[in-house]
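Worksheet for the structure shown next.
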Amino acid sequence: MISDLKAQLALHERRWKPRPRVAPVHYDAEAILSGQVVENEHGRFFLHEKFYPLHRRHGSVEFSQILELPAEALLGLSRGEIPPCPPRRWAFLDTETTGLAGGAGTCAFLVGVGALEETGFRVRLFFMRDYDEEPAMLEGLAEFLAGFDLLVTYNGKTFDAPLLETRYRLARLPFP
């Protein structure tokens, strides 16, 4: 019985023994991706771009086929809620975040935006490498989105747009 108690105590001490602290691994986006550090009135952020020519496919569709869609293409899908808008004015957006809860504690550390151009599809990745870069990244994103009329997202109404709206509000910046 005493040997059982000693074994239980030893097990408990091993479980709750403080573990040595390990320094956090820090990755800089620029060490992994090509791109540039962009500076604006709010600070700095990292921007990566990748270009895909029109003949490239996304799934079973070439980018050139999307570019050829009529401005009224989304009328039926949206039940008339989306006014006619040519595909060159669409921005495809997705966020990578520090969590899924939304609200003030969740940040979008990466916002990816794809857009059709005359010769292809360009993806821009707006990186916040640390929390102090968020206002600069949001300002850069707003400047870029100003050139578009329609935002296409997977979870836009329920996650991406509300999250970004909260982040802009907390940064005291206008929501684009």
Side-chain angles (χ1 to χ4, degrees), residues 21-54 56 58 63 66-67 69 71 73-74 78 81-176:
R21 291 186 141 234
V22 178
V25 178
H26 180 73
Y27 295 102
D28 287 325
E30 59 267 34
I32 300 168
L33 297 169
S34 61
Q36 61 182 339
V37 174
V38 176
E39 192 163 346
N40 60 32
E41 66 181 281
H42 299 286
R44 303 166 62 165
F45 68 95
F46 185 75
L47 179 66
H48 167 77
E49 291 188 11
K50 184 153 183 157
F51 181 78
Y52 300 92
L54 284 177
R56 288 285 302 267
H58 181 72
F63 290 119
I66 299 169
L67 202 54
L69 289 172
L74 299 178
S78 70
E81 290 182 29
I82 299 175
C85 181
R88 282 191 185 93
R89 305 289 297 167
W90 302 355
F92 298 84
L93 181 139
D94 190 27
T95 60
E96 296 301 328
T97 65
T98 58
L100 296 175
T106 303
C107 295
F109 63 87
L110 164 64
V111 181
V113 183
L116 289 157
E117 299 177 357
E118 287 289 325
T119 57
F121 187 78
R122 187 174 309 273
V123 176
R124 288 173 177 82
L125 302 179
F126 295 78
F127 279 95
M128 174 180 95
R129 299 169 298 173
D130 208 338
Y131 288 99
D132 66 339
E133 291 189 347
E134 184 178 35
M137 181 195 72
L138 292 172
E139 179 66 27
L141 177 63
E143 289 173 9
F144 180 70
L145 290 177
F148 299 94
D149 296 324
L150 181 67
L151 190 61
V152 180
T153 69
Y154 182 73
N155 288 320
K157 282 185 173 182
T158 59
F159 187 75
D160 295 325
L163 170 75
L164 288 173
E165 185 174 5
T166 298
R167 300 315 304 173
Y168 275 92
R169 189 170 288 147
L170 289 170
R172 295 189 168 109
L173 294 170
F175 182 57

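Note that this is a predicted model, so its numbers are computed, not measured.
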Open item on the list: The test is side-chain contact (heavy atoms from CB on, under 4.5 Å); show your working for Phe159 and Thr97 and say whether it passes.
Closed with: CA-CA 10 Å; Phe159 187 75; Thr97 65; 3.8 Å; yes
Atom [atom1] in [X], atom [atom2] in [Y]: separation rounded to 0.5 Å?
{"X": "Leu110", "Y": "His48", "atom1": "CG", "atom2": "NE2", "value": "10.0 Å"}
{"X": "Leu33", "Y": "Leu47", "atom1": "CG", "atom2": "CG", "value": "10.5 Å"}
{"X": "Asp160", "Y": "Thr153", "atom1": "CG", "atom2": "OG1", "value": "5.0 Å"}

- [ ] Determine, stepwise, if the pair Met137 / Phe127 fulfils side-chain contact (heavy atoms from CB on, under 4.5 Å).
- [x] CA-CA 7 Å; Met137 181 195 72; Phe127 279 95; 5.8 Å; no
Open item on the list: Please verify the inter-ring angle class for Phe126 with Phe45; under 30° counts as parallel, over 60° as perpendicular, anything in between as tilted.
Closed with: parallel
- [ ] Anything under 30° is parallel, anything over 60° is perpendicular, the rest tilted; go ahead and classify Phe63 against Tyr52.
- [x] tilted
With no hydrogens and no angle check, is any side-chain donor or acceptor of [X] less than 3.5 Å from a backbone partner on [Y]?
{"X": "Asn40", "Y": "His42", "answer": "yes"}
{"X": "Trp90", "Y": "Cys85", "answer": "yes"}
{"X": "Tyr154", "Y": "Asp94", "answer": "no"}
{"X": "Thr106", "Y": "Thr98", "answer": "no"}

Task: Audit row: Val123, Phe92, side-chain contact (heavy atoms from CB on, under 4.5 Å) steps and yes/no - done: CA-CA 9 Å; Val123 176; Phe92 298 84; over 6 Å; no
TODO: Report the C-alpha separation of Glu118 and Arg88 in whole Å, then their side-chain angles, then the decisive distance to 0.1 Å, and conclude whether the salt bridge (charged side-chain N to carboxylate O under 4.0 Å, His left out) test is met.
DONE: CA-CA 8 Å; Glu118 287 289 325; Arg88 282 191 185 93; 3.1 Å; yes
Task: Charged N-O contact under 4.0 Å between Glu49 and Arg122 - done: yes
TODO: Could you tell me whether Glu134 and Arg44 have a side-chain N and a carboxylate O separated by less than 4.0 Å?
DONE: no
N/O donor-acceptor pairs under 3.5 Å from side chains in residues 139-152, not counting sequence neighbours:
| unit_1 | atom_1 | unit_2 | atom_2 | d |
| --- | --- | --- | --- | --- |
| Asp149 | OD1 | Arg89 | NH2 | 3.0 |
| Asp149 | OD2 | Arg89 | NE | 2.9 |
| Asp149 | OD2 | Arg89 | NH2 | 3.3 |

Exercise: identify the closest heavy-atom pair between [X] and [Y]:
{"X": "Tyr168", "Y": "Pro176", "value": "CZ-CD, 3.6 Å"}
{"X": "Cys107", "Y": "Met128", "value": "CB-CE, 3.9 Å"}
{"X": "Leu163", "Y": "Ala108", "value": "CD2-CB, 4.0 Å"}

- [ ] Would you please name every residue forming a side-chain hydrogen bond (donor to acceptor under 3.5 Å, both in side chains) with Arg169, sequence neighbours left out?
- [x] Glu165
Task: Close side-chain approach of Leu164 and Leu93, heavy atoms under 4.5 Å - done: yes
Open item on the list: Run the side-chain contact (heavy atoms from CB on, under 4.5 Å) test on Leu125 and Phe46 for me, step by step, so that the C-alpha distance in whole Å, both residues' side-chain angles and the decisive distance to 0.1 Å come before the verdict.
Closed with: CA-CA 8 Å; Leu125 302 179; Phe46 185 75; over 6 Å; no
